[in-house]
Protein chains: 2
Amino acid sequence: METDLHQAITASGLRMTRQRQVILDVLRQSHGHLDAEALHDRVRQQDPRISLATVYRTLALLKEFGLVQEHRLGEEHGHFEAAPQAPHYHFTCLKCRKVIEFQASSVQRVVREVAAKESVQITDVHLLLSGYCADCSREGVEGNHET
Amino acid sequence: METDLHQAITASGLRMTRQRQVILDVLRQSHGHLDAEALHDRVRQQDPRISLATVYRTLALLKEFGLVQEHRLGEEHGHFEAAPQAPHYHFTCLKCRKVIEFQASSVQRVVREVAAKESVQITDVHLLLSGYCADCSREGVEGNHET
DNA sequence: ATTGAGATTGAAAATAATTCTCAATATCAA
DNA sequence: TTGATATTGAGAATTATTTTCAATCTCAAT
Ligand SMILES: [Mn+2]
Ligand SMILES: [Mn+2]
Ligand SMILES: [Zn+2]
Ligand SMILES: [Zn+2]
């Protein structure tokens, strides 16, 4: 639960650094889906010297290890979260940008079907729903031409 | 089938231009999922003066009209396709970048469930599977440490 | 504990993707 | 035909991410 980073790192012949540990720790403690800058800000509170480049580098590494997931939530930048125990998916509000997580076992069924039918090996599943949350449900996606 | 752009445009008090028509036409004729530069290249063959900025501007407009969809296929840039009659989803190979489209009616079931349970209004659904296609299935995601 | 090969980092530059600015041009209702 | 104004092209600007490289760590072998 905390040594899996050490494990992955050394198994790969890489080196354990304070930066890598801090970045993973911060991501694990943070609920929600942080972008690189937001993560950098929080990481700096633990160690003000860590650079944004190292945040990006470490995120790429943690993704390879399967310890971190990146999501595209409809914006021009990525959002990151520590890999959860059970897979989950996302809804994001086009107006207020709120993110709601949900589970749906039937998605795994679809994944198995596609894997079989297309003879592919599936390693990642991203389901993103977007629209308007309960608070924002009013106007639609396109043109509200009323006053 | 060809006048729906005129319709959407004029209904919005906008203006019909050669550029907008060409960009939509090219996208409709192109099978596959083009990024902005690739689309620009093809559009230029019809009209060499059209700028990349206009391609981006028009894609944004066509998305608002629901005539075009943008997908994030695991790369740092978007890919675009003309809105299909029936919804479909995507698998992309992490090695060769090939894209396979598939349908899965159970996804719509999940969408309805989430909409009901979370009281949200869902306007877009993106399901992206990634992994290795039949040709590329061999090494895993990370490190192949063999020769 | 010391050493050294080489992995990692910070800072800044570079690259990539997309958006914005603005003067020139095109559209379309009158 | 005209005029108000929407749109465009070109390039600058912005945003997100990656790369470069010299300085600094890490860790296995002394
Ligand atoms: Mn999540
Ligand atoms: Mn498609
Ligand atoms: Zn909302
Ligand atoms: Zn492949």
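Order of the sequence lines fixes the chain letters, A, B, ..., with proteins taken first and strands second; residue numbering starts at 1 for each chain.
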*Asks:* Now, which nucleotide makes the Watson-Crick or G-U wobble pair with D:dT30, with each of the two distances under 3.5 Å?
*Replies:* C:dA1
*Asks:* Roughly how far, to the nearest 0.5 Å, is the CG atom of B:Asp135 from the SG atom of B:Cys96?
*Replies:*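 Rounded to the nearest 0.5 Å, the SG-CG separation comes to 6.5 Å.
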*Asks:* Tell me the interatomic distance from A:Glu76, atom CD, to C:dA16, atom C1', rounded to whole angstroms.
*Replies:* 11 Å
*Asks:* The side chain of B:Ile50 is closest to which nucleotide in this list: D:dG9, D:dT7, C:dT18?
*Replies:* D:dG9
*Asks:* Find the distance A:Ile9:CD1 to C:dT8:P and express it as a whole number of Å.
*Replies:*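 Nearest whole value for this atom pair: 7 Å.
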*Asks:* Quick one: B:Arg57 CZ to C:dT19 P, roughly how many Å, whole number?
*Replies:*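 Atom CZ in B:Arg57 sits about 11 Å away from atom P in C:dT19.
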*Asks:* Do A:His126 and B:His126 have their ring centres less than 6.0 Å from each other?
*Replies:* no
*Asks:* So, OP1 or OP2 of D:dT8: does either fall under 4.0 Å of a side-chain N or O from B:Thr17?
*Replies:* yes
*Asks:* Using the side-chain heavy atoms of A:Thr54, tell me which of these nucleotides is nearest: D:dG9, D:dC27, C:dG10.
*Replies:*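 When the side chain of A:Thr54 is considered, C:dG10 is the closest of D:dG9, D:dC27, C:dG10.
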*Asks:* How do B:Ala36 and B:Thr10 order along DNA chain C: which one's closest nucleotide is nearer the 5' end?
*Replies:*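 Closer to the 5' end of DNA chain C: B:Ala36.
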*Asks:* With A:His33 as reference, evaluate A:Glu81, A:His79, A:Gln69 under the side-chain hydrogen bond (donor to acceptor under 3.5 Å, both in side chains) test and give the passing residue.
*Replies:* A:Glu81
*Asks:* Take B:Gly13 and B:Pro48, find for each the nucleotide of DNA chain D with the closest heavy atom, and name the residue whose nucleotide sits nearer the 5' end.
*Replies:*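 Comparing both residues, the 5'-ward one is B:Gly13.
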*Asks:* Taking N and O atoms by type only, does the side chain of B:Arg18 place a donor or acceptor under 3.5 Å from a partner on the base of C:dT25?
*Replies:*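 By the distance-only test, no, there is no pair.
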*Asks:* What is the distance, rounded to the nearest whole Å, between atom OH of B:Tyr56 and atom P of D:dA10?
*Replies:* 17 Å
*Asks:* What nucleotide among D:dA6, C:dG10, C:dT8 has an atom nearest to a side-chain atom of A:Arg20?
*Replies:* C:dT8
*Asks:* So, B:Ser51 side chain and B:Thr54 main chain: donor-acceptor pair closer than 3.5 Å or not?
*Replies:*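 Present.
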*Asks:* Run the salt-bridge test on B:Arg72 and A:Glu75 with the 4.0 Å N-O cut-off and return the result as yes or no.
*Replies:*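 Not counted as a salt bridge, because no side-chain N and carboxylate O are separated by less than 4.0 Å.
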*Asks:* Can you measure B:Glu70 atom CD to C:dT19 atom C1' for me and round it to whole angstrom units?
*Replies:*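 Spelled out: CD on B:Glu70 to C1' on C:dT19 is 13 Å.
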*Asks:* What's the closest nucleotide to the B:Arg49 side chain, out of D:dG9, D:dA16, D:dT7?
*Replies:* D:dG9
*Asks:* Indicate, with a heavy-atom threshold strictly under 4.0 Å, whether A:Arg44 touches base, sugar-phosphate, or nothing.
*Replies:*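 If one applies the 4.0 Å heavy-atom cut-off, A:Arg44 turns out to touch nothing in the nucleic acid.
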*Asks:* Below 4.0 angstrom from OP1 or OP2 of C:dG10, is there any side-chain N or O of A:Gln19?
*Replies:* yes
*Asks:* Measure the distance from CZ on B:Arg15 to P on D:dA6 and round it to the nearest whole Å.
*Replies:*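 Answer to the nearest Å: 6 Å.
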*Asks:* Round to the nearest Å and state the distance from A:Asp35 atom CG to D:dA16 atom P.
*Replies:* 7 Å
*Asks:* Which one, D:dA16, D:dA6, C:dA17, comes nearest to the side chain of A:His77?
*Replies:*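 Of the options given, the side chain of A:His77 lies nearest D:dA16.
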*Asks:* What is the distance, to the nearest angstrom, from the CD atom on A:Glu37 to the P atom on D:dT14?
*Replies:* 15 Å
